[in-house]
Amino acid sequence: MGADYLKDFTMIDMKDIVALCKRRGFIFPASDIYGGLNGFWDFGPLGVELKNNLRDRWWKDMVVTPPIGPDGTPLQIVGLDSAIIQNPKTWEASGHLDGFSDPMQKCSGCGHLVREDHLWDILTTSSRWFDSALQEFEPVTGGIDSPRLMSWAKSKGKKLAPNLALVKNPEVVLSFLATRINGQPDAPPDVQEIFRHLATGQLHETGLQEPCPLCGGTLGEAAPFKLMFESNTGVEQGPDSKVYLRPETAQGIFLNFKNVMDSTRVRMPFGIAQVGKAFRNEVTPRNFIFRGREFEQMEMEWFCHPDEAAKWYEFWIAERKAWWRSVGLSDDNILMRKHETDELAHYAKDGLGTVDVEYKFPFTAPGYGELEGVAHRGDFDLAQHQAHSGQKLEYLDQARDNERYMPHVIEPAAGLTRGVLALICEAYIVDENRPSGVYLNFTPAMAPKKAAILPLSAKPEHVEPATKLYLALREDFAVDLDIKQNIGKRYARQDEIGTPYCFTIDNDTVADGTVTVRDRNTMNQERVSMDKVAEYLQEKMRG
Ligand code: ATP
């Protein structure tokens, strides 16, 4: 069985990754001792290091050393850290207050809420009664076998879908269905129409109904379910004190566009970058930390002249793909996907739209899931905030004969939390030839620990030089000193947490001042002089 097969993401079980993350202290369910809280996660000692490494790398590549632009000069990007709670007018202007919601249908039987556009997906993939009822159709033609459906309704159906119209009143439902089939023999109903019939007790009064995936009851009209978390400010609580936890970091940047212009020397084109928490009351948080209710984003708004937006849009699409490659994601697992016209956000401009950087997660494979969106937002946000706040947000461009214009915006908006998940999935390698059975092959730059110092035994002649080496290295690198347990177990632990190098201090160290370096990926060992270890690590970190 080759390594390629093992790295096939459709073969990796997410449960194993989640278990490793908990076992080794990367990610825990939030409020674990109280049974957790759906959609919330805590980053453990190693998870927070990994997350910080990814965040710091993004900050460095955006703000500290921004990319070189198409004309060969370095770009100007400045940083920001805005409040999570802003004046509620922000969300009126941004469109979130009216538009940021999912359509939900409520079951009249059991009260279950279903997202309208996910209903048939849920029915066909994870509804027990739907699957069971489907078995009662003619196996070859898929035709309707009324006596079988009738007996299903009186047996299994009663248990699995007690609120389904077919179960409550099989004679009436099946006679409606027969009328439909006989009435239009040239246009037989498809599966969805058949199941709508099975969910409909009073066809003449209600029309066809949609069934609840849990109990078969009828679903009501879809109503918007707001995704923003609400809170209150101040002591007096009422409609006027209502505030919202931000659902994205981007708006804090637009609100500060004028402040940054007035207080710094940045000139068009330039960017403002921000990393921080965002909150969305997601209807169905799932796939580990991929879709949470509290998560972190890394967003940059790039302001430019409208005539140059198309050029910058292409520039940032290419940059962002290259960046994800540079932190260790492989080309094969990244897909750049242009949004279809019908999924374009309200701000998407002039058909330029949005391109997503997608990653082949184990739970999406062979498909992909969004990691980052690079969006052309036009002047939507600045124009909205200008209209709602009454503050002039236009730019006076002295380099263009004092032309006044509303800048256009290109926004690379990445998920830090999702990025961490992608790094972990990418790094997860099954290897039956080592005691841990698995290792994480993070790049040295992303790895939470760069090296472990392991004295072969707990004897002073091993521990003392090991401690000396540790004290010297820890000034410049995140390193571990691990003394207890047999060496095999200690290697296994370092493999599972993705430490690229282990330095072992043994009897030869005492004799000739060299240590063994074990490479995590190849498990090869070589000896280097103790006083060259820092240089060795420095070299590897660069590569
Ligand atoms: P999705 O379609 O997956 O809900 P989105 O298109 O709404 O995502 P954006 O509003 O473009 O996402 O947010 C930018 C980035 O923030 C996304 O690419 C993703 O990495 C991250 N993100 C968005 N929602 C969540 C969430 N619920 N949990 C974790 N990360 C998220």
Side-chain angles (χ1 to χ4, degrees), residues 6 15-28 32-33 42-50 53 423-424 427-444 446-534 536-537 540-541:
L6 293 173
K15 278 202 234 73
D16 295 337
I17 294 184
V18 176
L20 182 140
C21 283
K22 180 157 187 199
R23 188 169 70 246
R24 291 302 186 189
F26 282 93
I27 298 159
F28 309 124
D32 205 8
I33 60 170
D42 292 340
F43 283 80
L46 292 172
V48 68
E49 297 293 344
L50 179 64
N53 289 344
L423 289 188
I424 293 173
Y428 187 88
I429 310 280
V430 176
D431 181 356
E432 287 146 3
N433 296 322
R434 60 177 83 202
S436 55
V438 61
Y439 67 102
L440 296 181
N441 79 345
F442 296 126
T443 61
M446 288 299 119
K449 299 287 173 192
K450 312 305 177 194
I453 324 290
L454 311 174
L456 189 62
S457 76
K459 292 185 212 142
E461 61 262 40
H462 293 158
V463 172
E464 273 164 26
T467 308
K468 207 170 133 211
L469 182 61
Y470 167 69
L471 288 173
L473 289 180
R474 68 174 209 149
E475 295 296 326
D476 298 312
F477 306 97
V479 286
D480 244 5
L481 173 66
D482 191 0
I483 298 174
K484 299 259 162 62
Q485 276 188 332
N486 77 45
I487 192 77
K489 283 208 173 123
R490 282 182 281 162
Y491 281 149
R493 173 170 185 277
Q494 296 300 336
D495 280 351
E496 274 203 322
I497 69 173
T499 307
Y501 303 102
C502 288
F503 298 103
T504 306
I505 282 71
D506 53 21
N507 292 337
D508 288 350
T509 315
V510 183
D512 64 8
T514 62
V515 299
T516 304
V517 190
R518 175 183 178 273
D519 180 292
R520 174 198 61 204
N521 290 8
T522 62
M523 293 191 282
N524 288 341
Q525 305 200 356
E526 57 175 321
R527 291 200 74 88
V528 296
S529 166
M530 189 124 123
D531 53 13
K532 290 278 179 336
V533 167
Y536 180 94
L537 259 186
K540 297 289 185 187
M541 297 290 295

Exercise for the section: Decide yes or no for Ile27 and Asp42: does some side-chain heavy atom of the first lie under 4.5 Å from some side-chain heavy atom of the second? Expected result: no
Practice task
Mark yes or no for whether Asn53, through its side chain, and Ala447, through its backbone, hold a donor-acceptor pair below 3.5 Å.
Solution key: yes
Problem - Atom pair CE (Met523) and CZ (Arg434), whose distance is rounded to the nearest 0.5 Å - result: 4.0 Å
Handout entry: Option among Asn441, Leu423, Leu20 that satisfies the side chain to side chain contact (heavy atoms under 4.5 Å, CB included) test with Tyr428
Key = Leu20
Practice task
Could you grab the distance from atom CD of Gln494 to atom NZ of Lys489, nearest 0.5 Å is fine?
Solution key: 15.0 Å
Exercise for the section: Would you confirm whether Ser436, through its side chain, and Tyr439, through its main-chain N or O, come within 3.5 Å as a donor-acceptor pair? Expected result: no
Fill in the blank from the handout: Looking only at heavy atoms, the pair that brings Ala452 and Thr499 closest together is N-CG2, 3.7 Å
Practice task
Output the distance between atom CZ (Phe477) and atom NZ (Lys540), rounded to the nearest 0.5 Å.
Solution key: 12.5 Å
Problem - Side-chain touch Arg493/Asp480, heavy atoms, less than 4.5 angstrom - result: yes
Problem - For Arg490, side chain to side chain donor-acceptor pair (under 3.5 Å) partners two or more places apart - result: none
Completion exercise
Here the gap from Glu496 atom CD to Leu46 atom CG, rounded to the nearest 0.5 Å, amounts to 11.0 Å
N/O donor-acceptor pairs under 3.5 Å from side chains in residues 467-475, not counting sequence neighbours:
from: Thr467; atom 1: OG1; to: Val463; atom 2: O; distance (Å): 2.7

Exercise for the section: Using a 4.5 Å cut-off on heavy atoms from C-beta on, say whether the side chain of Pro465 contacts that of Met530. Expected result: yes
Problem - Contacts of type side chain to side chain donor-acceptor pair (under 3.5 Å), residue Gln525, not counting sequence neighbours - result: none
Handout entry: For Asp32, all residues meeting salt bridge (charged side-chain N to carboxylate O under 4.0 Å, His left out), sequence neighbours excluded
Key = Lys22
Fill in the blank from the handout: Residues passing the salt bridge (charged side-chain N to carboxylate O under 4.0 Å, His left out) test with Glu49, sequence neighbours excluded, are none
Donor-acceptor contacts, no H, no angles, side chain residues 501-522, under 3.5 Å, sequence neighbours left out:
from: Thr504; atom 1: OG1; to: Tyr491; atom 2: OH; distance (Å): 2.9
from: Asp506; atom 1: OD1; to: Asp508; atom 2: N; distance (Å): 3.1
from: Asp506; atom 1: OD1; to: Thr509; atom 2: N; distance (Å): 3.2
from: Asp506; atom 1: OD1; to: Thr509; atom 2: OG1; distance (Å): 3.2
from: Asp506; atom 1: OD1; to: Arg527; atom 2: NH2; distance (Å): 3.1
from: Asp506; atom 1: OD2; to: Arg527; atom 2: NH1; distance (Å): 3.1
from: Asn507; atom 1: OD1; to: His462; atom 2: NE2; distance (Å): 2.8
from: Thr509; atom 1: OG1; to: Asp506; atom 2: N; distance (Å): 2.9
from: Thr509; atom 1: OG1; to: Asp506; atom 2: O; distance (Å): 3.2
from: Thr509; atom 1: OG1; to: Thr514; atom 2: O; distance (Å): 2.9
from: Asp512; atom 1: OD1; to: Thr514; atom 2: N; distance (Å): 3.0
from: Asp512; atom 1: OD1; to: Thr514; atom 2: OG1; distance (Å): 2.8
from: Asp512; atom 1: OD2; to: Thr514; atom 2: OG1; distance (Å): 3.4
from: Thr514; atom 1: OG1; to: Arg527; atom 2: NE; distance (Å): 2.7
from: Thr514; atom 1: OG1; to: Arg527; atom 2: NH2; distance (Å): 3.1
from: Thr516; atom 1: OG1; to: Arg527; atom 2: NH1; distance (Å): 2.8
from: Arg518; atom 1: NH1; to: Asp495; atom 2: OD1; distance (Å): 3.1
from: Arg518; atom 1: NH2; to: Asp495; atom 2: OD2; distance (Å): 3.0
from: Asp519; atom 1: OD1; to: Asn521; atom 2: N; distance (Å): 2.9
from: Asp519; atom 1: OD1; to: Thr522; atom 2: N; distance (Å): 3.0
from: Asp519; atom 1: OD1; to: Thr522; atom 2: OG1; distance (Å): 3.3
from: Arg520; atom 1: NE; to: Leu440; atom 2: O; distance (Å): 3.4
from: Arg520; atom 1: NH1; to: Leu440; atom 2: O; distance (Å): 3.2
from: Arg520; atom 1: NH1; to: Phe442; atom 2: O; distance (Å): 3.2
from: Arg520; atom 1: NH1; to: Gly498; atom 2: O; distance (Å): 2.7
from: Arg520; atom 1: NH2; to: Phe442; atom 2: O; distance (Å): 2.8
from: Thr522; atom 1: OG1; to: Asn524; atom 2: N; distance (Å): 3.1

Fill in the blank from the handout: Between the CZ atom in Arg23 and the CZ atom in Phe28, the distance rounded to the nearest 0.5 Å is 12.0 Å
Practice task
Heavy atoms only: give me the nearest Asp531-Ser529 pair and the separation to one decimal.
Solution key: OD1-OG, 2.5 Å
Handout entry: Note, Ile483 side chain near Leu481 side chain (heavy atom, < 4.5 Å)
Key = yes
Exercise for the section: State, to 0.1 Å, how close Pro500 and Pro444 come at their nearest heavy-atom pair, and which atoms those are. Expected result: CG-CA, 3.9 Å
